[in-house]
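Computed from a predicted model, the values in this text were never measured in an experiment.
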Amino acid sequence: MGRRRTARGSGRRKGRVGGSLVALLVGLLATGCAAFDTDDDVRRARELADELYPGELEVVGARILFPQTSGSEVTLSLAGDPDAAVRFRVDAANDRCDGGPSCTDALREAVDRARREAGNLRAMRGAFDGCGHPVLATDEKLAAPWIEARVTDETVDDVLTRVGACAQRWVAARAAQAPKGTPEWVTVNFAAPGTAEDLPAAKSALPTVVRFTHGPRLAALAHRPYYVAAFPVGDDAGHTVDAGSARLRIVSPFEERQAFSRRVDASVLPALRATYPDAVTSGGAGMGVWRLERGTVSRMRGYVLFCERPPADGKRCLGDLAALVTSDPKGRDAEVVRILTDIRDERGVLRLPPQ
């Protein structure tokens, strides 16, 4: 394998040397291969851009594809559309590109996709910005916008009604662009008011899609607990968004979900042992889906798996029974709604009904 040139710019990956990466580096050095730069891939992407879209595409970034040992994702801006980001995966060493039978086909598909994504982002921002909830960011699939909203027991119904109206505008705009691509549900993430002021931002010269899917920005939003609303979309001609049937849940960082699991187990065990004196929980209930009760953010419900008695031979309880439980958002004051006994199929796969 030929040796690739040393990186000169920001394409070099830093600070991710762990055990597996050390082994990978040793293997690469032993074989005379080094793939931790993007220069050759960027050069190949520029050649293809100049050939197919002369004067229209400009490289604005690149990253290596880990854990692959070669290839990069190159991002290009598109002249005439400041929102579009052409993300193009190219491996110059092997003359290969993702997304098509040839590199020319792959780049054409990447440009077409970038134009569609830019249109989707404009539809999203137009809908939410236009109804008073500016979009702060969105996931990479452009399917779950982040907005600011104050969600309390007093405001939750009004917030869902207002945001449902925004979602209706968004769904209508998406349907106008792609009539066959209307989803069955749309999701909106709620950050606390004032969050936008402290969020990291990508360079303003980058395409809008890149700035609104900026990794550090999304990580900062998810660093603290936030609400997620899921709105069902009807299959009628108007694709009606049913705000009254929206499902709301809290998403918390991993450590908080662990603490919730411990508290809800401790809170619910006395009630379980009133019927099953030797009951033990499986642990990790907070890693499952807990939805807020309708009309409040003070009570939520989810499942706690448990065993009627500790398994033999000191094995861990995986849960052959389930308790549908309500608690406060911290996992305290738990109450058992009902017990489910037939929760696994013949292969042992967990099968729980919607809450």
Side-chain angles (χ1 to χ4, degrees), residues 83 85 117-177 181-202 204 206-233 239-253 256 289-292 294-297 300 329:
D83 297 330
E117 290 176 346
N120 291 341
L121 181 60
R122 284 191 287 270
M124 177 193 293
R125 294 184 67 197
F128 286 93
D129 293 15
C131 67
H133 287 285
V135 174
L136 308 180
T138 178
D139 66 315
E140 288 194 355
K141 294 183 179 179
L142 308 180
W146 285 82
I147 63 172
E148 289 185 346
R150 188 179 304 281
V151 185
T152 66
D153 279 350
E154 292 72 29
T155 66
V156 60
D157 287 338
D158 179 60
V159 167
L160 290 176
T161 298
R162 288 188 289 106
V163 175
C166 301
Q168 182 67 76
R169 295 173 53 152
W170 179 31
V171 168
R174 290 174 63 173
Q177 292 179 342
T182 304
E184 295 181 358
W185 292 81
V186 291
T187 301
V188 183
N189 302 310
F190 299 156
T195 299
E197 300 171 4
D198 300 321
L199 291 177
S204 59
L206 290 172
T208 313
V209 166
V210 173
R211 292 188 286 111
F212 274 76
T213 59
H214 184 48
R217 191 173 183 87
L218 292 171
L221 285 164
H223 185 65
R224 64 197 79 182
Y226 60 94
Y227 294 101
V228 179
F231 297 89
V233 180
H239 305 295
T240 302
V241 172
D242 185 1
S245 299
R247 298 177 180 177
L248 189 66
R249 61 189 175 96
I250 301 175
V251 178
S252 300
E256 294 192 29
V289 175
W290 288 71
R291 291 193 175 91
L292 289 157
R294 195 171 301 280
T296 181
V297 293
M300 51 200 296

Smallest heavy-atom separation, Ala127 atom then Cys166 atom, equals CB-O, 3.7 Å
Any donor-acceptor pair under 3.5 Å linking the side chain of Gln168 with the backbone of His239? yes
Return the CD1 to OG1 distance between Ile147 and Thr138, rounded to the nearest 0.5 Å. 12.0 Å
Among residues at least two apart in sequence or on other chains, which ones pass side chain to side chain donor-acceptor pair (under 3.5 Å) with Ser252? none
Between CD on residue Glu117 and CZ on residue Phe212, distance to nearest 0.5 Å: 14.5 Å
Pairwise distance CZ(Phe190) to CG(Leu221) - rounded to 0.5 angstrom: 13.5 Å
Taking salt bridge (charged side-chain N to carboxylate O under 4.0 Å, His left out) as the test, write out the residues that go with Asp158, two or more places apart. Arg162
Show me the pairs that pass ring pair (Phe, Tyr, Trp, His ring centres under 6.0 Å) and involve residues 142-175, at least two apart or across chains. Phe128-Trp170, Trp146-Tyr226
For Val186 and Pro183, the nearest pair of non-hydrogen atoms, with its separation, is CG1-CG, 3.7 Å
Is there any side chain to side chain donor-acceptor pair (under 3.5 Å) pair reaching into residues 210-220, and which pairs are they, with sequence neighbours excluded? Arg87-Thr213, Thr208-Arg211
Take Leu248 and Val151 through the test side chain to side chain contact (heavy atoms under 4.5 Å, CB included) and record every step on the way to the result. CA-CA 10 Å; Leu248 189 66; Val151 185; 4.2 Å; yes
Between the side chain of Glu148 and the main-chain N/O of Thr195, is any donor-acceptor distance below 3.5 Å? yes
Side chain to side chain contact (heavy atoms under 4.5 Å, CB included) between His133 and Val188: does it pass, once the steps are laid out? CA-CA 11 Å; His133 287 285; Val188 183; over 6 Å; no
Could you report the tightest heavy-atom contact between Asp157 and Gly295, atom names first, then the distance? OD1-CA, 3.6 Å
Mind listing the closest non-hydrogen atom pair of Ala149 and Val159 along with its distance? CB-CG1, 4.1 Å
Provide the closest heavy-atom pair for Gly244 versus Arg294 in the form atom of the first, atom of the second, distance. O-NH1, 2.9 Å
When you measure from the side chain of Arg249 to the backbone of Met300, do you find a donor-acceptor pair of N or O atoms at a distance under 3.5 Å? no
Stepwise, does the side chain to side chain contact (heavy atoms under 4.5 Å, CB included) test hold for Tyr227 with Val297? CA-CA 10 Å; Tyr227 294 101; Val297 293; 3.8 Å; yes
Set of side chain to side chain donor-acceptor pair (under 3.5 Å) partners for Thr296, sequence neighbours left out: Asp153
Do the side chain of Asp242 and the main chain of Pro232 share a donor and acceptor less than 3.5 angstrom apart? no
The side chain to side chain donor-acceptor pair (under 3.5 Å) partners of Arg150 (sequence neighbours excluded) come to none
Any donor and acceptor pair, going by atom type alone, linking the side chain of Asp83 with main-chain N or O of Val209 inside 3.5 Å? no
Distance-minimising heavy-atom pair for Ala144 and Asn189: O-ND2, 3.5 Å
Interatomic spacing from CG in Asp129 to CZ in Arg169 - rounded to 0.5 Å: 9.5 Å
